[in-house]
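We name chains A, B, ... by the order of the sequence lines, and we start the count at 1 in each one.
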2 protein chains.
Amino acid sequence: MAQSDTVDRILDAAEELFAERGFSETSLRMITSKAKVNLAAVNYHFGSKNALIHAVFGRFLTPFSATLEKAFDELEVRCDGKPPTLNQTLWVLTESAVRMPQRNEKGISIFMRLLGLAYTQSQGHLRKFLEQEYSEPFSRFMRLLKEATPQLSAVDRYWRIQFMLGATAFTMSSSDALQDILRNKLGVDTTVQEIAARLVPFLAAGMQAQDAVLTPPAESKIPVA
Amino acid sequence: MAQSDTVDRILDAAEELFAERGFSETSLRMITSKAKVNLAAVNYHFGSKNALIHAVFGRFLTPFSATLEKAFDELEVRCDGKPPTLNQTLWVLTESAVRMPQRNEKGISIFMRLLGLAYTQSQGHLRKFLEQEYSEPFSRFMRLLKEATPQLSAVDRYWRIQFMLGATAFTMSSSDALQDILRNKLGVDTTVQEIAARLVPFLAAGMQAQDAVLTPPAESKIPVA
DNA sequence: ATGTGCTTCAAACGTATGTTTCAAACAGAC
DNA sequence: GTCTGTTTGAAACATACGTTTGAAGCACAT
């Protein structure tokens, strides 16, 4: 019943509410009442709302980035000098995410949704924090992607990485809602692992698509750009 | 200098600020001072901030959905009974977006960013508004997608559509920030048309990827699911 | 038991928000 | 010119926010 209890309760509540409603739309009063702690506790333990946001990210991103580093190490050993393939790189990433110890069954989906929000909501402080805190595993992943797709120009690769990020963050972040739809419409149940198994081939195929042409296909009558 | 001037000035300012900063992060005072109109004008002309948001979307989405309907009509005529290909369908969509008459050079990027935000920010009222206002062109697009990918199972197709939506919404919703990075890192400038031209082949390739396998590639040692 | 350092608590702070009010300004019809 | 309905304007409204305050509570070493 020491400090840690309050701190963790705040982090749990904040994580869930941020993922559900976004950062600006979640007030400290919502967080503290969900966490059943006093309003002032946030500023006492974290200093400010922005610092709380950083702490929420740090709590899952720090262990994840450690797991990822180890997984990349193993992968490179296994490949024995040769650059890993795109499929291998993507699988290592998803497996690291999926295999992270979760606080509850919603863990992965919250994790993904928060990452998506971080990218999407233009919270300057957050982007700066993430960039300077986790630049290493990020750039290592980028390097692996680069080596796995030597046929792509830097610009093409850059945009396709954004497309991958988008498909992943978006899908995982709304996977709860999407699974509901799927259950109702198609009567199927899907685990996060199965979604990942569908996602990786999609991403790999997109990454390895023929070089983008800058005009529409010949059948189209309307010229573009 | 009639009413319409004030209304349009508000819509212009709101559109730009919403796209830049999101909905909750944009106050009516920011909007009215950018539009150089009185604060009360928003509530007088629109009724509420939420109604203003709806009006902003309606102003570009209504003509867009009309353009899209016509483009789909043309496409189906051109195809003469045969279902349009996936590439054709996707191109018709992007071309309709790109060719919309723009209010200024930032038009398309604002348009896309707003759509991305609409999907991403969980503003309940907005999603409800869009769903009941523009359900027709949306389900028509879905039908075309279905006919263009008969080889996919309903579940596979469902998920891959989510992946497409995600890649698109995510990329477009952060495209300004991404373009900044690109400009700084690679010294390249990119138009929305070019992004779309890169996105479509990525999406098409992903949609047509080999059927998803539900286990990772053999090289991987770590079992999944 | 007493004092000490950390933690909790209720209350208040100042600021910003969306919205309302009501008088003034305006345009067009008579 | 006067009346009428619409639009603007400055000011205030109530509410919600993040943050600060200072007293009370607590565990624990002395």
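- Side-chain atoms of B:N43 lie closest to C:dT20 of the nucleotides D:dT19, C:dT20, C:dA10.
- The distance between atom CD1 of B:I53 and atom P of C:dG18, rounded to the nearest whole Å, is 9 Å.
- In this structure, A:T6 reaches the C:dT8 phosphate: one of its side-chain N or O atoms is under 4.0 Å from OP1 or OP2.
- Computed from coordinates, the B:L39 CG to D:dA11 C1' distance equals 10 Å when rounded to whole Å.
- When rounded to the nearest whole Å, the span between CD of B:E25 and P of D:dG18 equals 12 Å.
- A salt bridge links B:K34 to B:E16: at least one charged side-chain nitrogen sits closer than 4.0 Å to a carboxylate oxygen.
- Note: CG (A:D8) to P (C:dT7) measures 13 Å, nearest angstrom.
- In this model, a donor atom of one side chain and an acceptor atom of the other lie less than 3.5 Å apart for B:Y134 and B:T62.
- Taking only side-chain atoms of A:Y44, from C-beta outward, the nucleotide of D:dT19, C:dC6, D:dT20 with the closest atom is C:dC6.
- Between B:F57 and B:F23, the two ring planes are tilted [angle within 30° to 60°].
- Look at A:N38 and you won't find any side-chain N or O under 4.0 angstrom from OP1 or OP2 of C:dT7.
- Atom NZ in A:K49 sits roughly 8 Å away from atom P in D:dT19 (whole-Å rounding).
- In this structure, A:S27 does not reach the D:dA16 phosphate: none of its side-chain N or O atoms is under 4.0 Å from OP1 or OP2.
- Residue contacts for A:A41: at a heavy-atom cut-off of 4.0 Å it reaches no nucleic acid atom on any strand shown.
- B:R29 places its CZ atom 14 Å from the P atom of D:dA10, with the value rounded to the nearest Å.
- Taking CG of A:L126 as the reference point, atom CG of A:L117 lies at 9.5 Å (rounded to 0.5 Å).
- Between the CG atom of B:L28 and the C1' atom of D:dA12 there is a distance of 16 Å, rounded to whole Å.
- Within the nucleic acid shown, A:T26 comes within 4.0 Å of sugar-phosphate atoms alone, with no base atom in reach, counting heavy atoms only.
- At a cut-off of 3.5 Å, with distance as the only test, no side-chain donor of A:T171 or B:Q162 sits close to an acceptor on the other residue.
- Within the 4.0 Å cut-off from OP1 or OP2 of C:dC6, not a single side-chain nitrogen or oxygen of A:H45 is found.
- Rounded to an integer number of Å, the gap from A:R21 CZ to D:dC17 C1' is 13 Å.
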